[in-house]
Colleague: 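Mind having a look at this structure? Questions to follow.
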Amino acid sequence: MTKKNKLLLIDGSSVAFRAFFALHQQLERFKNKSGLHTNALYGFHNMIESVLTKEKPSHVLVAFDAGKTTFRNEFFNEYKSGRSKTPNEFTEQMPYLRELLDGFGIKHYELSNYEADDIIGTLSDTVDPAIFDVVIISGDRDLTQLAKENVRVDITVKGVSELKEYTIESIADEMGIKPKQIIDLKGLAGDTSDNIPGVTKIGEKTALKLLKEYHSVEGVYEHIDELKKSKMKENLINEKEVAFLSKRLATIMLDTPITIGVNDLAYNGPDIEKLVQFYKEMDFKTHLSKLDTTEYDAANEEKREEVAYKFVTEIIPEMFTDKTGLYLEMLTDNYHTSEIISVGWGHENHIYVSDPEIVLNSPYFKEWAQDAALSKQVFDVKRTYVALNRYGIELKNSQFDILLASYILNTKDNSKDLSEVAIEHDYYNVSPDESIYGKGAKIHIPEDVSIMHEHIAHKIKAIVLLSEQLERHLAQNNQTELFYDMELPLAMVLAKMEISGIKVDAQRLREMKVEFAERLIGIENRVYELAGETFNLNSPKQLGVILFEKMGYPVIKKTKTGYSTAVDVLEQLRDQAPIVEDILEYRQIAKLQSTYIEGLLKVIHGNSGKIHTRYMQTIAQTGRLSSIDPNLQNIPIRLEEGRKVRQAFVPSHEGWKIFASDYSQIELRVLAHISDDDHLKEAFIEGQDIHASTAMRVFGIEKQEDVTPAMRSQAKAVNFGIVYGISDYGLSKNLDISRKEAQLFIDTYFDKYPGVKIYMEDIVREAKEKGYVETLFHRRRYLPDINSRNFNLRSFAERTAMNTPIQGSAADIIKVAMIEMDKRLETEGLKATMLLQVHDELIFEAPESEIPLLEKLVAEVMENAVALNVPLKVDSSSGDSWYDSK
DNA sequence: CTTTTCACG
DNA sequence: ACGTACGTGAAAAGT
């Protein structure tokens with residue numbers, strides 16, 4: 001029988017407190033119009049929302065602590081003292097938390113003299129396990145003592161929305177004890193946050209050891225005489241009372257006299273009206289706009305300001321002027337193929353909407369679009385350019401792009417929906433596309449087309465108004481040049497590369513497909529034989545069962561959901577498990593087959609035999625491009641077998657070649673420049689092998705001949721680590737050495753490259769002060785976690801602070817080179833075409849006769865894109881396919 | 001729709 | 001003690 005009911009119990013007090021501190025560094029950003037802080041409410045809200053979607057509970061209760069003192073203070077009056085005073089900014093939010101819960105339609109409850117724990121404990125313990133699964137959410141690990149067969153306890157880790165699940169099994173795995181023994185653990189070790197004393201000098205480690213032996217506090221004292229004479233034994237004897245008191249304090253009551261029962265807690269979804277009211281009161285505008293219920297739409301319809309526009313069926317020249325907003329509507333996001341379903345253009349108070357066949361066939365429209373003297377404002381210029389190009393219209397003078405501008409202002413804004421971008425900038429007058437067209441398979445043009453026309457009119461108005469606003473904002477941030485001289489011109493270059501596309505030899509791919517298919521069957525059969533049964537080799541879950549349960553190999557790593565079967569795990573099993581050799585080979589071939597062979601075959605355009613990727617210019621947090629549909633930036637190269645896929649990428653004309661140029665060590669050169677470290681600069685200025693040079697310094701070797709390959713490869717790993725934002729842990733894992741040894745490497749490195757050390761310290765300090773870091777060209781990345789009290793979040797932000805200026809400046813440099821390259825190909829009158837960018841590499845096709853010229857030209861342009869205080873170096877090669885250009 | 005794995009720089 | 005190296009996208013499984 002399947003259980004039908006799930007009871008969700010939330011420790012409201014502790015979660016709210018967690019939420020408050022998780023968003024504490026942004027305390028001042030979270031304020032509503034009347035000055036009330038809202039950060040705890042915001043965090044709490046998001047936690048509830050995600051938990052409701054994930055758990056889909058049938059019953060919910062949020063329990064709160066009631067007042068300052070509880071029954072625990074009766075026998076220990078210091079209980080929970082020593083906590084610093086609750087800040088006012090927190091307490092002022094508590095009354096509204098109840099409003100929020102009413103909006104969600106969630107019951108809440110408190111009972112004087114008791115804590116939320118006790119209410120939760122009692123409910124979780126009394127429901128019938130045959131009927132209810134229970135999930136408990138808290139920020140307090142004490143509650144894990146409540147885990148049972150039907151009770152799971154989720155404790156907040158990162159902020160409040162990420163939860164760690166504790167079950168009987170996971171507690172046993174992690175600590176080797178039963179949930180109930182958590183109480184004994186606290187009895188011995190205490191808990192500083194609740195001011196539970198515990199026994200002097202006994203921490204979690206020691207306590208766990210004792211519990212493994214004697215099971216409980218009582219057990220420890222029954223066998224106290226067996227313990228060796230030690231300071232610890234003395235403490236235990238002297239503080240026996242403390243231990244029992246601590247245990248009592250940590251014990252959650254399971255028979256609290258609560259006046260509610262589970263039947264009062266049925267959850268029937270939110271009360272939209274109250275929720276809308278709450279969002280408005282708190283200025284939670286994003287949440288307000290995300291409510292896509294009919295009630296909300298209706299309420300919003302009246303609120304949404306009307307936009308005057310004209311739907312026209314005839315186009316006249318007077319409709320087009322300078323500084324005009326333009327928007328093409330498409331239902332799906334691949335603008336190479338998606339049908340244009342409507343077109344809008346105009347100014348703040350003169351907006352026109354029309355059907356595509358009317359506009360796109362109008363000579364007046366075409367003339368205007370192609371008139372370089374008349375500027376246009378758009379959302380996503382590349383998309384607009386490419387789509388118009390399909391109709392033989394070449395869009396000129398796109399003076400502003402609110403998507404690009406928004407990305408520059410804050411890289412974290414990566415949405416593709418105009419309404420979301422608008423909301424980011426406090427403009428709320430555009431509905432989300434989803435609310436007009438629906439989503440997924442059911443996406444469609446609304447029956448009443450005037451709804452769509454008005455929607456497009458709203459977009460035009462947003463584009464026009466936001467263009468001005470964002471342009472001012474760019475100037476304030478010193479990012480005007482980044483926008484006008486880099487991203488906007490680059491968008492046009494990328495548009496042309498996408499339109500060119502790259503020719504793919506489908507026949508070659510099909511040959512490989514047949515070959516791989518045969519090999520896969522062979523390997524599969526061998527694996528099944530060794531395993532003694534057939535299963536889905538593509539399923540990590542099924543594979544895990546075979547390897548670790550049936551065949552009994554040791555479990556090396558676990559994932560959230562089960563055994564890990566990733567490469568590094570399998571490699572460790574290689575020696576003892578003959579089967580993994582085959583599994584690894586299968587994995588490799590299967591990946592090539594599904595992602596590259598079949599994947600690429602699917603996206604070849606029928607008539608041209610070409611692939612047209614889309615470069616995403618507003619996704620990567622560092623300023624890099626990304627490539628989708630298909631991703632042409634991760635075509636295999638490291639292993640020969642996969643590298644052969646590149647044989648299918650060929651020139652589009654007879655007698656042409658593929659030509660490729662890549663920057664050598666651009667990130668380390670950028671680091672040499674921004675850190676101004678003398679030794680690092682010297683290595684590049686003198687043209688040394690950088691990893692060998694690092695090896696010489698780190699290992700203290702005089703002559704390069706004495707650097708062994710092993711030393712060089714270790715030095716290489718250290719250099720990588722430096723670029724990524726070094727940590728002893730990361731380096732130790734990469735080099736398979738101890739953390740101590742890794743730390744020694746790092747110390748030695750910083751000793752030999754003091755400039756790099758200073759840069760790393762400075763950039764982190766700067767990030768902590770300003771809240772963001774910048775690249776050479778003033779691209780910004782905000783790091784909200786840089787001052788977090790959470791070690792992991794803060795460390796991550798610190799590494800990002802070190803890495804982003806390096807990776808981001810390298811991205812800037814190749815972007816400059818691409819823009820210049822595009823110009824030069826034109827002015828030099830070459831037939832050569834730029835086709836692809838792979839982060840530090842540009843790929844072209846060209847007539848064979850142009851190759852010698854390109855060798856010089858491309859290197860010159862790339863190497864001189866910017867002047868650093870070390871030289872940039874480019875390597876080039878050409879061949880009959882991408883594979884051969886190596 | 002999320003998780004795992006694996007391809008690239 | 002904590003437990004990750006930085007940045008991406010796609011396929012397949014499983015919920």
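Model, not experiment: these values are computed from the prediction. Every chain is numbered from 1, with letters handed out A, B, ... down the list of sequences.
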Colleague: Students should find this one: the first and last nucleotides of DNA chain B, 5' to 3', lying under 4.0 Å from a heavy atom of chain A. What are they?
Modeller: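 Boundary nucleotides touching chain A, in 5' to 3' order, are dT3(B) to dG9(B).
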
Colleague: With sequence neighbours left out, write down each residue that passes side chain to side chain donor-acceptor pair (under 3.5 Å) with Glu165(A), or none if nothing qualifies.
Modeller: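 With sequence neighbours excluded, Glu165(A) shows a side chain to side chain donor-acceptor pair (under 3.5 Å) to Lys54(A), given in chain and number order.
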
Colleague: Arg779(A): what forms a salt bridge (charged side-chain N to carboxylate O under 4.0 Å, His left out) with it, not counting sequence neighbours?
Modeller: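 For Arg779(A), the residues satisfying salt bridge (charged side-chain N to carboxylate O under 4.0 Å, His left out) (neighbours in sequence not counted) are Glu487(A), Asp812(A).
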
Colleague: In terms of side-chain heavy atoms, does Asp568(A) have a donor or acceptor partner in Gln572(A) at a distance below 3.5 Å?
Modeller: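 Looking only at side-chain atoms, Gln572(A) and Asp568(A) do not form any donor-acceptor pair under 3.5 Å.
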
Colleague: At under 4.0 Å between heavy atoms, what does Glu667(A) touch on the DNA or RNA strands: base, sugar-phosphate, or nothing?
Modeller: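 Contact class for Glu667(A): none.
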
Colleague: Can you list the residues that meet the salt bridge (charged side-chain N to carboxylate O under 4.0 Å, His left out) rule with Asp433(A), with sequence neighbours excluded?
Modeller: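 Partners of Asp433(A) by the salt bridge (charged side-chain N to carboxylate O under 4.0 Å, His left out) criterion, ordered by chain and then number, come out as Lys459(A).
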
Colleague: Hey, could you give me each pair passing salt bridge (charged side-chain N to carboxylate O under 4.0 Å, His left out) that has a residue in residues 535-548 of chain A? Not counting sequence neighbours.
Modeller: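 Passing the test, one end in residues 535-548 of chain A: no pairs.
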
Colleague: Once Watson-Crick and G-U wobble pairs under 3.5 Å are found, how is DNA chain C written in dot-bracket notation, 5' to 3', with | for any base paired to another strand?
Modeller: .....|||||||||.

Colleague: Without decimals, in angstroms, what is the distance between Asn536(A) CG and dA11(C) C1'?
Modeller: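 Whole-Å distance recorded here is 13 Å.
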
Colleague: Output every pair passing salt bridge (charged side-chain N to carboxylate O under 4.0 Å, His left out) with a member in residues 613-626 of chain A, not counting sequence neighbours, ordered by first then second residue.
Modeller: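 The answer is Asp333(A)-Arg614(A), Arg614(A)-Asp629(A), Arg624(A)-Glu667(A).
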
Colleague: Applying side-chain contact (heavy atoms from CB on, under 4.5 Å), name anything that partners Tyr883(A), two or more places apart in sequence or on another chain.
Modeller: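 Result, side-chain contact (heavy atoms from CB on, under 4.5 Å) vs Tyr883(A): Glu640(A), Arg643(A), Lys644(A), Arg646(A), Gln647(A), Ser881(A), Lys886(A).
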
Colleague: Counting only side-chain nitrogens and oxygens, does Lys541(A) get under 4.0 Å of the OP1 or OP2 atom of dT15(C)?
Modeller: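 Answer is yes, contact under 4.0 Å.
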
Colleague: Under the ring-ring contact (aromatic ring centres under 6.0 Å, His included) rule, collect the residues that match up with Tyr553(A), sequence neighbours excluded.
Modeller: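 Checked Tyr553(A) against ring-ring contact (aromatic ring centres under 6.0 Å, His included); zero matches.
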
Colleague: In chain order, what residues pass the side-chain contact (heavy atoms from CB on, under 4.5 Å) check against Asn634(A), with sequence neighbours excluded?
Modeller: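 Partners of Asn634(A) under the side-chain contact (heavy atoms from CB on, under 4.5 Å) test: Tyr596(A), Asn631(A).
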
Colleague: Atom CG of Asp133(A) to atom P of dT15(C): distance rounded to whole Å?
Modeller: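 Distance, rounded to whole Å: 16 Å.
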
Colleague: Partners of Ser885(A) by side chain to side chain donor-acceptor pair (under 3.5 Å), sequence neighbours excluded?
Modeller: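 Side chain to side chain donor-acceptor pair (under 3.5 Å) check on Ser885(A) returns nothing, list empty.
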
Colleague: Going 5' to 3' through nucleotides 1-8 of chain C, assign each nucleotide B (protein heavy atom under 4.0 Å from a base atom), S (under 4.0 Å only from sugar-phosphate atoms) or - (no protein heavy atom that close).
Modeller: -BBBBBBS

